[in-house]
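Numbers for residues simply follow the sequence, beginning at 1.
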Amino acid sequence: QVQLVETGGRLVQPGDSLRLSCAASPPTFSPYAMAWFRQAPGKEREFVARIRRSDGSTLDAASVRGRVTISRGTGKNTITLQIDSVKPDDAGVYYCAADEAYDAGSPYLPRNYEYWGQGTQVTVSS
């Protein structure tokens, strides 16, 4: 059974940096891509960034471009999301997602991902 577990969510101040991690199991799971989405209260889940497993190529949302870095972690199926210069709009629950295989769907849409973690809360407050 595939599981995604996010860690790293916490209370941060505007301007801080934050690093989130996601670990997928079992070790035999080999997703085509893994991504981060976030959801603020009362808002839809939105795409943040994606990394393709085969070559490490990345996509990110225009709203966070220049402030986030998605990368492979040290584990086989681990990814990280570095957020710099955190803004109040970055607050929300951050979800890790995995796309099992390539398809024609948009990588920016939640429905393209078959597996999801439970989320990790990021709170931004001064």
Residues which pass salt bridge (charged side-chain N to carboxylate O under 4.0 Å, His left out) with [X], listed by chain and number, not counting sequence neighbours:
| X | result |
| --- | --- |
| Arg111 | none |
| Asp99 | none |
| Arg67 | Asp90 |

Find the distance between CZ (Arg50) and CZ (Phe37) and round it off to the nearest 0.5 Å.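 Separation between the atoms: 10.0 Å.
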If you look only at pairs with a residue in residues 39-81, which of them pass as a disulfide bond (SG atoms under 2.5 Å apart), with sequence neighbours excluded?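 Sorted result for residues 39-81: empty, none.
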Write out all pairs satisfying disulfide bond (SG atoms under 2.5 Å apart) with one or both partners inside residues 62-126, taking only residues at least two apart or from two chains.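 For residues 62-126: Cys22-Cys96.
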Do any N or O atoms from the side chain of [X] and from the backbone of [Y] form a donor-acceptor pair under 3.5 angstrom?
| X | Y | value |
| --- | --- | --- |
| Gln3 | Ser25 | no |
| Arg19 | Gly8 | no |
| Glu6 | Gly119 | yes |

Answer whether the closest heavy-atom distance between the side chains of Tyr113 and Phe47 falls below 4.5 Å. yes
To check you understand the geometry: which heavy-atom pair defines the closest contact between [X] and [Y], and what is its length?
| X | Y | result |
| --- | --- | --- |
| Gly117 | Tyr95 | O-CD2, 3.6 Å |
| Asn112 | Ser106 | CB-O, 3.2 Å |
| Pro110 | Arg45 | CG-O, 4.1 Å |
| Pro31 | Arg53 | O-CD, 3.0 Å |
| Ser63 | Arg38 | OG-NH2, 4.0 Å |
| Arg72 | Arg52 | NH2-O, 3.9 Å |

Looking just at side-chain N and O atoms, do Asp84 and Ser17 make a donor-acceptor pair shorter than 3.5 Å?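 There is such a pair (donor and acceptor under 3.5 Å, judged by atom type) between the side chains of Asp84 and Ser17.
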Polar contact flag, side-chain donor to acceptor under 3.5 angstrom, Thr80-Ser21: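 Their side chains do not contain a donor-acceptor pair, so the 3.5 Å distance test is not met.
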For atom CD of Gln121, is the number of surrounding heavy atoms from other residues, nucleotides or ligands below 6.0 Å larger than 12? yes
Leu18: hydrophobic cluster co-members (side-chain, 4.5 Å):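 Reading the cluster by chain and number, Leu18 sits alongside Val2, Leu4, Val12, Leu20, Phe29, Met34, Trp36, Val48, Ile51, Val64, Val68, Ile70, Ile79, Leu81, Ile83, Val86, Tyr94, Tyr115, Val122, Val124.
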Membership question, hydrophobic clusters at under 4.5 Å side-chain separation (ILVMFWY): are Trp116 and Tyr108 in the same one? yes
